[in-house]
Amino acid sequence: MARAILMVLDSFGIGGADDAEKFGDLGSDTLGHIAEACARGDGDREGLRSGPLSLPNMDRLGLGAAAAASNGIRPPGLDHAGEPEGLWGYAAEVSNGKDTPSGHWEIAGVPVLFDWGYFPETVPTFPDELIAAFVKRAGLPGILGNKHASGTEIIAELGEEHVRSGKPICYTSGDSVFQIAAHEAHFGLERLYEICQIARDLVDEYNIGRVIARPFVGETAADFSRTGNRRDYSVLPPAPTLLDRAKAAGREVIAVGKISDIFAHQGITRAIKASGNEALFEANLKAMDEAGDGDIVFTNFVDFDMLYGHRRDVPGYAAALEAFDRRLPEIEARLRPGDLAILTADHGCDPTWRGTDHTREHVPVIGFGPGLAARAIGGRTSYADIGATIAAHLGLDPGQYGESFL
């Protein structure tokens, strides 16, 4: 029996989505625009990186070919001369969103075919009755923020007032999300988690996908920084996912990073928390060493999105991609005969795009493993094909959505 190693490079889109215009994202291309910026020298940062984007391992497996198939343009710097060595292609999203739960649930075979609720781009953004109920139930003196904002910017703006007043910072974005930032020491981490659970109960009637706890430390606006103790409070997927079917079949489903939170801890047999791509990579390797026949290791590498995509940081995103690519042979070396590893993403977050939100894009689908015959898998019409492929590979019952490309 084989194993499946599923790695989501959070927000690593490759452009070309047919419905991008509907989302205001026509022309967005996370990989392509990063590569173009690096080729121009706009991806250089002293002490970090310089020159054209260099991803020789992912390119060898088929990333450049997948990008060219997605939007007709091969990104500069991805110039692997031979035939790709992996399964390669791209997938389009059918879910009615470009957010984390929609992307991950669709990967696991359950597209989001309903409409999420969103908060308007007004100030204040949250309904008065929601905030009144939240403040009363949580026993708060009030809230700060109450608008669309970048998480790091709003902490710099309101963090000192938050420490003085005891009022949590509440904000949202283009996603279906209610985010709460609070100081780990002055407000208390457990207190933050407690009020997030209260908020989770209250936003259900607004059909909001996630409440996110955003703890931070520091004493002034100059040194506030978010910590790795983020916690996501998601609604349950609307139907059983690949993870549920694997767990029901007695398989281990090892969730690394924020995967367990994204699925509201459903279908998970073991959760491994880690903060930062390097720690996540190490946790992914450890999970691979411990996974047995028929098991799934499912990892989200969040830094691409959280630290670089949303912050519109091209050099940072490029450097993170190159760091991941340099270590990819370690994943290949850990694979056992019969294993299937898949690299993909859950949406785009083009760091050259306007605003700070996700972008509607195709995502790469790159499969590899010992003895796996390399070939093109074409453009997949749903991320659910990834889950269907893993189900077929592991001998699990197929879900309602998706078609295996094996």
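Just so you know, residue 1 is the first one in the sequence shown, and it goes up from there. We use all heavy atoms of the structure for the numbers below, so side chains are in, but hydrogens, waters and symmetry mates are not.
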[X] side chain to [Y] backbone, donor-acceptor under 3.5 Å:
X	Y	value
D44	C38	no
E322	S54	yes
T359	D350	yes
R230	T227	no
W353	G309	no
S11	G348	no
D201	I198	no
T241	G109	no
H393	G338	yes
D325	N57	yes

Which atom pairs, donor and acceptor, lie under 3.5 Å between side-chain atoms of residues 119-126 and protein residues at least two apart or in another chain?
| from | atom 1 | to | atom 2 | distance (Å) |
| --- | --- | --- | --- | --- |
| T122 | OG1 | P124 | O | 2.8 |
| T125 | OG1 | P120 | O | 2.5 |

Just verifying a value: how many Å separate [X] [atom1] and [Y] [atom2], rounded to the nearest 0.5 Å?
X	Y	atom1	atom2	answer
L9	M7	CG	CE	8.0 Å
N207	Y118	CG	OH	9.0 Å
T152	E157	OG1	CD	11.5 Å
I143	K167	CD1	NZ	9.5 Å
I366	L343	CD1	CG	7.0 Å
I14	L63	CD1	CG	6.5 Å

Side chain to side chain donor-acceptor pair (under 3.5 Å) involving [X] - partner list, sequence neighbours excluded:
X	result
D19	R360
S95	E106
D29	N71
H148	none

Are there more than 12 heavy atoms of other residues, nucleotides or ligands under 6.0 Å from atom [atom1] of [X]?
X	atom1	value
E129	CD	yes
D128	CG	no
E83	CD	no

Mind checking salt bridge (charged side-chain N to carboxylate O under 4.0 Å, His left out) for E252 and listing every partner two or more places apart, or none if nothing turns up? none
Trace of the side-chain contact (heavy atoms from CB on, under 4.5 Å) decision for L307 with N277: CA-CA 10 Å; L307 297 184; N277 275 2; over 6 Å; no
Does the side-chain hydrogen bond (donor to acceptor under 3.5 Å, both in side chains) test come out yes or no for T30 and E361, once each step is laid out? CA-CA 8 Å; T30 300; E361 301 179 42; 2.6 Å; yes
Taking C-beta and beyond as the side chain, do [X] and [Y] meet within less than 4.5 Å on heavy atoms?
X	Y	value
L53	P75	no
R375	L87	yes
D293	R251	no
V110	F263	no
F368	E85	no
C170	I180	yes
T381	V94	no
F178	L130	yes

Taking all heavy atoms of [X] and all of [Y], pick out the closest pair and write down the distance.
X	Y	answer
N229	E184	ND2-OE2, 2.7 Å
Q266	P237	NE2-CD, 4.3 Å
A35	P76	CB-O, 3.4 Å
S234	D261	OG-O, 3.1 Å
V314	G43	CG1-CA, 4.3 Å
I195	A138	CG2-CB, 3.8 Å

Review item, side-chain donor-acceptor pairs of residues 282-291, under 3.5 Å, at least two apart:
| from | atom 1 | to | atom 2 | distance (Å) |
| --- | --- | --- | --- | --- |
| E282 | OE2 | R327 | NH1 | 3.1 |
| E282 | OE2 | R327 | NH2 | 2.5 |
| N284 | OD1 | T299 | OG1 | 2.6 |
| K286 | NZ | E290 | OE2 | 2.6 |
| D289 | OD1 | R334 | NE | 2.9 |
| D289 | OD2 | R334 | NE | 3.3 |
| E290 | OE1 | R270 | NH1 | 3.0 |
| E290 | OE1 | R270 | NH2 | 3.1 |

Pairing residues for Y206 by the ring pair (Phe, Tyr, Trp, His ring centres under 6.0 Å) criterion, not counting sequence neighbours: none
Do the side chains of [X] and [Y] get close enough for a salt bridge, i.e. N-O under 4.0 angstrom?
X	Y	result
K258	D10	yes
D295	R3	no
R210	D99	no

Going by the angle between their ring planes, with limits at 30° and 60°, are H183 and H186 parallel, tilted or perpendicular? tilted
Please list all pairs meeting ring pair (Phe, Tyr, Trp, His ring centres under 6.0 Å) that have one or both residues in [range], counting only residues at least two apart or in different chains.
range	value
residues 45-101	Y90-H362
residues 306-344	F281-F324, F301-F324, F304-Y317, H310-H358
residues 219-245	F216-F224

How far apart are the C-alpha atoms of D42 and R40, what are their side-chain angles, what is the distance that settles it, and do they pass the salt bridge (charged side-chain N to carboxylate O under 4.0 Å, His left out) test? CA-CA 5 Å; D42 293 337; R40 294 192 304 268; 2.9 Å; yes
Just distance, no hydrogens or angles: give the donor-acceptor pairs under 3.5 Å from side chains in residues 397-406, sequence neighbours left out.
| from | atom 1 | to | atom 2 | distance (Å) |
| --- | --- | --- | --- | --- |
| S404 | OG | L406 | N | 3.1 |

